[in-house]
Amino acid sequence: MALPGAAFHQKIVWITGASSGIGEALARELARQGARLVLSARRETELQRVADLVALPKTDVLVLPLDMTDETSFSPAVDRVIARFGRVDYVFQNAGISQRSPAADTTMAVYRHLMEVDFFGVVGLTKAILPAMLKQGNGHFVVTSSVAGKIGVKQRSGYCASKHALHGFFDALRAEVSALGLRVTMVCPGYINTPLPFSALSADGQPHNQMDKQQANGMPADDCARRILRAVAGNKREFYVGGREVLAIYLARFWPARLFDLMAKRKGDGVM
Ligand code: NDP
């Protein structure tokens, strides 16, 4: 297994969702480990703040604003990265939004938007990058799924669906491209202390706009980022990170009936 420090040294690492939370923490830790970074998300000022924070030489960081719902921008974005750095070694597909609404009340527009950001955007960007990686004969996709990508959670039906879908797509992609030198790591965080609940969509598409207890008490984002990087350096194909809520994945695997009962009996939303 490669040492974490060596795995990313001088590598070109593209992070989506780099303006906040786990993505920002990944950027800081990767810079510390000597990576050269491409930072993407919608808010350019926040990306610039992160770029200033990581304090890399100007030649080693590219702020590249990107909206995951704008498929037409993906190929030009890839062209910019290749023109600047000549290749891309790792892509952390980490941008995402969550949901806080029961299925009965949730509009189809909310479901479609969750799928656009959390699934189709990720697939579109992956397809735009694939030709360059296949030409290189190496490259590593790191995809931030969720514990909610492995089990069903109340008030997250669309979010769960989009994250589950990522596993189907990337497990199939891994099977197709591993013999060609490409790697895929699916990351399933439990509760991580980030502002994710603020942008989560309510039933009518309005932002939830408040912090939730589970995230507030969750694992610090820096800790999460360090663990993710260790798993990626070790080429883990699937990795779970968080507190005891990640145990739900094992319960779902080995005693699904028990997990289904527990999830149905829960009064609030969330896993634990
Ligand atoms: P944050 O809200 O802090 O980060 C989300 C990031 O996604 C932001 O940088 C945001 O940037 C970006 N983003 C959102 N919508 C878009 C869009 N349309 N186009 C481009 N970028 C977008 O939350 P986290 O750091 O927690 O979330 C990171 C990932 O981790 C997500 O995929 C989330 O589902 C996953 N996750 C988080 C957990 C947690 O408990 N925190 C648990 C399990 C999974 P901007 O607004 O500038 O576009």
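Numbering of ligands and ligand atoms starts at 1, following listing order.
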Can [X] and [Y] be counted as an ion pair, charged N to O under 4.0 angstrom?
X    : Y    : value
D261 : R258 : no
R112 : E116 : no
D223 : R227 : yes
K11  : D89  : no
R100 : D212 : yes

Minimum-distance protein heavy atom relative to [atom]:
atom                    : answer
atom 26 (O) of ligand 1 : T194 OG1, 2.6 Å
atom 9 (O) of ligand 1  : S19 OG, 2.7 Å
atom 46 (O) of ligand 1 : R42 NH2, 2.9 Å
atom 7 (O) of ligand 1  : G96 N, 3.3 Å
atom 3 (O) of ligand 1  : S20 OG, 2.5 Å
atom 25 (O) of ligand 1 : I22 N, 2.8 Å
atom 12 (C) of ligand 1 : G17 CA, 3.8 Å
atom 2 (O) of ligand 1  : L196 CA, 3.5 Å

So, does [X] sit close enough to ligand 1 that a heavy atom of it is under 4.0 Å from the ligand?
X    : result
Q214 : no
Y159 : yes
P195 : yes
T144 : yes
G190 : yes
Q215 : yes
S145 : yes

Would you please classify the geometry between the F170 ring and the F141 ring as parallel, tilted or perpendicular, with 30° and 60° separating the classes? tilted

How are the rings of F92 and Y90 set relative to one another: parallel (under 30°), tilted (30 to 60°) or perpendicular (over 60°)? tilted

Which of the numbered atoms in ligand 1 are below 4.0 angstrom from a heavy atom of D67?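 The atoms of ligand 1 under 4.0 Å from a heavy atom of D67 are 17 (C), 18 (N), 19 (N).
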
In terms of atom number and element, which parts of ligand 1 are under 4.0 angstrom from non-hydrogen atoms of L66? 19 (N), 20 (C)

Hydrophobic clustering (ILVMFWY, side-chain heavy atoms < 4.5 Å, transitive) - are [Y] and [X] grouped together?
X    : Y    : result
L201 : L196 : no
V142 : W14  : no
V61  : L229 : yes
I15  : F239 : yes

Answer with side chain, backbone, both or neither: which part of V147 has a heavy atom less than 4.0 angstrom from an atom of ligand 1?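 Near ligand 1, V147 shows nothing, with every heavy atom at 4.0 Å or more.
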
Could you see which bit of K163 sits under 4.0 Å from ligand 1, with heavy atoms only: side chain, backbone, both or neither?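 The part of K163 near ligand 1 is the side chain, not the backbone.
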
Single hit among K236, E238, K150 for side-chain contact (heavy atoms from CB on, under 4.5 Å) with M186: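 One option only clears the test, and that one is E238.
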
Which heavy atom in V122 sits nearest to a heavy atom in M68, and how many Å separate them?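 Looking at all heavy atoms of both residues, the closest pair is N-CE, 3.7 Å.
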
If you take all heavy atoms of T16 and N94, which pair is closest and at what distance? OG1-N, 2.8 Å

So, is [X] polar-close to ligand 1, with some N/O to N/O distance under 3.5 Å?
X    : value
I192 : yes
Y191 : no
R43  : yes

Out of A95, S40, G21, whose heavy atom sits nearest atom 22 (C) of ligand 1?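 Of the listed residues, A95 has the closest heavy atom.
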
